[in-house]
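Only one structure is covered here, and it is reproduced in the block below.
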Amino acid sequence: MNIRSKVTTVVAAAAATWAVAVSPAAAVSAEYDVTESTTGGAALQFSACKVASFGQGCFAPNGEWFSVEDDKADGHSPVVYWELYTKDNAGDFTVRSRFGFIWHNAGNGTIGYQNKSYPEGLKVKFQLCLGEHPDRQVYGDTCTSMVTATS
């Protein structure tokens, strides 16, 4: 099985699991963003980062900013996959309310920034991966482990 098939299978399985876990009225679609700026986030206070041989992804809770850095001239785009969690009836952060991808395609040696808008005090989980931006194809075997932060 090639990488594209593996990633497609993983994404399809995750989508199926998500569809079963929530009612149709509560289902959400993935958000797809491309970094907005390569200069705007230098003064932000990033509280959580994931580093890989090809780049770095970080989260700043003040304003809900992500940074995505490309550190390798490999022809691929680094992408942050993120999930936002709210509390369940027991008060635990188990309800995934939003999720998405933030692509950075400005090339090796650049950092891009993307602003999101989340309510304060929620859990944000994210990981850094490699992929092909135009196809929205993520190479699952390149992804780091998830890191958890608070918005």
Salt-bridged, E83 to K125, with N to O below 4.0 Å?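 Answer for the salt bridge query: no.
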
Are the charged groups of E31 and K116 less than 4.0 angstrom apart, N to O?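 Salt bridge flag = yes for K116 with E31.
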
Residue pair [X] / [Y]: nearest heavy atoms and the distance that separates them:
| X | Y | answer |
| --- | --- | --- |
| G121 | F93 | O-CZ, 3.3 Å |
| C58 | F46 | CB-CD2, 3.5 Å |
| F126 | G57 | CE1-O, 3.5 Å |
| V138 | C129 | CG1-CB, 3.7 Å |
| T142 | Y139 | OG1-O, 2.6 Å |

On the six-membered ring of Y85, is K123 placed so that its NZ or CZ lies under 6.0 angstrom from the centre and within 45° of the ring axis?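 Verdict for Y85: no cation-pi partner in K123.
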
Using only heavy-atom distances, determine whether the side chains of H104 and D70 contain a donor-acceptor pair under 3.5 Å.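 Absent: no donor and acceptor within the cut-off.
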
Consider only side-chain N and O atoms of N105 and S77, and report whether a donor and an acceptor are under 3.5 Å apart.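 Not at all, the side chains of N105 and S77 share no donor-acceptor pair under 3.5 Å.
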
Within a radius of less than 6.0 Å around CG of N89, do more than 12 heavy atoms belonging to other residues, nucleotides or ligands occur?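 Result for CG/N89: open.
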
Test item: [X] and [Y] side chains (from C-beta on) under 4.5 Å apart, heavy atoms:
| X | Y | value |
| --- | --- | --- |
| H133 | V34 | yes |
| V79 | L130 | no |
| P61 | S151 | no |
| V51 | L128 | no |
| I102 | T35 | yes |

CA sep, side-chain torsions, deciding dist, call: V28, S97, side chain to side chain contact (heavy atoms under 4.5 Å, CB included): CA-CA 7 Å; V28 294; S97 59; 6.0 Å; no

For the residue pair Y118 and W82, is the inter-centroid distance of their aromatic rings smaller than 6.0 Å?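 Centroid distance Y118-W82: below 6.0 Å, so yes.
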
Parallel, tilted or perpendicular: which fits the ring planes of F59 and F66, with parallel below 30° and perpendicular above 60°?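 Aromatic pair F59/F66 classed tilted.
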
F101 vs Y81 aromatic rings, parallel, tilted or perpendicular, using cut-offs 30° and 60°?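 Tilted: the ring planes of F101 and Y81 meet at 30° to 60°.
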
Is there a side chain to side chain contact (heavy atoms under 4.5 Å, CB included) between Q114 and W65? Walk through the geometry before answering. CA-CA 6 Å; Q114 179 65 38; W65 283 88; 5.7 Å; no

In Å and rounded to the nearest 0.5 Å, what is the CD to CG distance from E36 to N115?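 Atom-to-atom, E36:CD and N115:CG are 6.0 Å apart.
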
Set out, in order, the CA-CA distance, both residues' side-chain angles and the distance that settles ring pair (Phe, Tyr, Trp, His ring centres under 6.0 Å) for H76 and F54, then state yes or no. CA-CA 9 Å; H76 304 294; F54 54 85; 9.2 Å; no

